[in-house]
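Below: one structure, written as structure tokens.
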Amino acid sequence: MQTNTQPSATEDPHAVLAALSARLDDLVETAGPDVWNLDTPAEGWDIGMQIAHLAWTDEVSVTAVNDPDAFQGVVETAMADPTGFVDAGAAEIAATGRDEVLARWRLARGELADALKAADPGDQVPWFGPPMRPKSMTTARIMETWAHGIDVADAVGISLDSDPAFVSALPHVARLGFKTRGFSYLMNGLEAPTSEVHVALTLADGSVLEFGPADAEQRVTGPVLDFCLLVTQRVHRADTALEAVGDDAEEWLRIAQAFAGLPGGGREEGARA
């Protein structure tokens, strides 16, 4: 069994994000305008809202990278409506119609790619959660694009489980899911345990992606896809093949979230079995 402890040996995060975005764009374009208002598994979100959310977040990310002072104003506005601010921004874009939404998303993601590549790797980019270095923000955009792409694909009945662009994103999403373990407790108003967790996730080629101390008593094992779906709250814990050893490991899987912001409601059991 081959062990791989790096998030991606073949492509850097910028290339992964570009390929992932292009694949989702192609999926939406191919599906056509008739499915634009089709409901996705995310309650209250149709396909148009999913893409509008990506456009809004990419636009705000450009501001965070290029003008931190202006981004602070965005944060202050968000504090006035922490539970609805992001959705309101996405809904405003969604209301402009399919062509405008797609145009804004394409422009914003291109501008963000350029900004992230040009940024000093040591910079701390402000965000709604903890500040991030440019590489981490790129990984965060991979995670979110992947998660919303899964919702869109599920809505139109297309499986992306073996799609190259989506498969290449999995190690990056998994790494972020592992790194945000403490953040998951914080966002749920819980004290994070001091225990370490060893995570071993099986990739499609049979290799294993590992995070955390190998001798940790708390352990999580299973398919990388299941782990990524769980930490982005796209699947119920019971519908995964993930195995947890230790109470702390099991509790983490119950509340895991790789995204900034308030905890989501997750998905009902059986929704993506």
(message) Let me confirm one number: the OG1-NZ distance from Thr139 to Lys179, rounded to the nearest 0.5 Å.
(response) 7.0 Å
(message) Please determine whether the number of non-hydrogen atoms from other residues, nucleotides or ligands lying under 6.0 Å from atom CD of Gln124 exceeds 12.
(response) yes
(request) Please determine which of Val101, Val35, Val156, Leu102 meets the side-chain contact (heavy atoms from CB on, under 4.5 Å) test together with Val28. (result) Leu102
(message) Regarding Arg23 and Asp26, does a basic nitrogen lie under 4.0 Å from an acidic carboxylate oxygen?
(response) yes
(message) With a 4.5 Å cut-off on side-chain heavy-atom distances among I, L, V, M, F, W and Y, is there a chain of contacts connecting Val60 to Leu107?
(response) no
(request) Check the side chains of His198 and Glu210 for a donor-acceptor pair under 3.5 angstrom, ignoring hydrogens and angles. (result) yes
(request) Look at Glu29 together with Arg98 and state whether they make a salt bridge at an N to O cut-off of under 4.0 Å. (result) yes
(message) Rounded to the nearest 0.5 Å, what separates atom CG in Leu186 from atom CD in Glu191?
(response) 11.5 Å
(request) Verify whether one side chain among Gln50 and Thr40 offers a donor that lies under 3.5 Å from an acceptor in the other. (result) yes
(request) Run through the side-chain heavy atoms of Ile, Leu, Val, Met, Phe, Trp and Tyr, join any pair under 4.5 Å, and report what else lands in Met49's cluster. (result) Trp45
(request) Flag yes if Val245 and Leu242 sit in one hydrophobic cluster, no otherwise; membership is Ile, Leu, Val, Met, Phe, Trp, Tyr, and two members link when side-chain heavy atoms are under 4.5 Å apart. (result) no
(message) For the residue pair His53 / Glu144, report whether a side-chain donor-acceptor contact shorter than 3.5 Å exists.
(response) yes
(message) Ring centres under 6.0 Å, that's the criterion: do Phe227 and Phe211 meet it?
(response) no
(message) Any salt bridge linking Asp123 with Arg133? Criterion: basic side-chain nitrogen under 4.0 Å from a carboxylate oxygen.
(response) no
(message) Nearest 0.5 angstrom please: Phe259 CZ to His148 NE2, how far?
(response) 9.5 Å
(request) Determine, for Glu250 against Arg237, whether the closest basic-nitrogen to carboxylate-oxygen distance falls under 4.0 angstrom. (result) yes
(message) Centre-to-centre under 6.0 Å for Tyr185 and Trp252, is that the case here?
(response) no
(message) Distance to the ring centre below 6.0 angstrom and angle to the axis at most 45 degrees; does that hold for Arg109 and Trp105?
(response) yes
(message) Quick check for you: to the nearest 0.5 Å, what is the distance between His14 atom NE2 and Leu17 atom CG?
(response) 9.0 Å
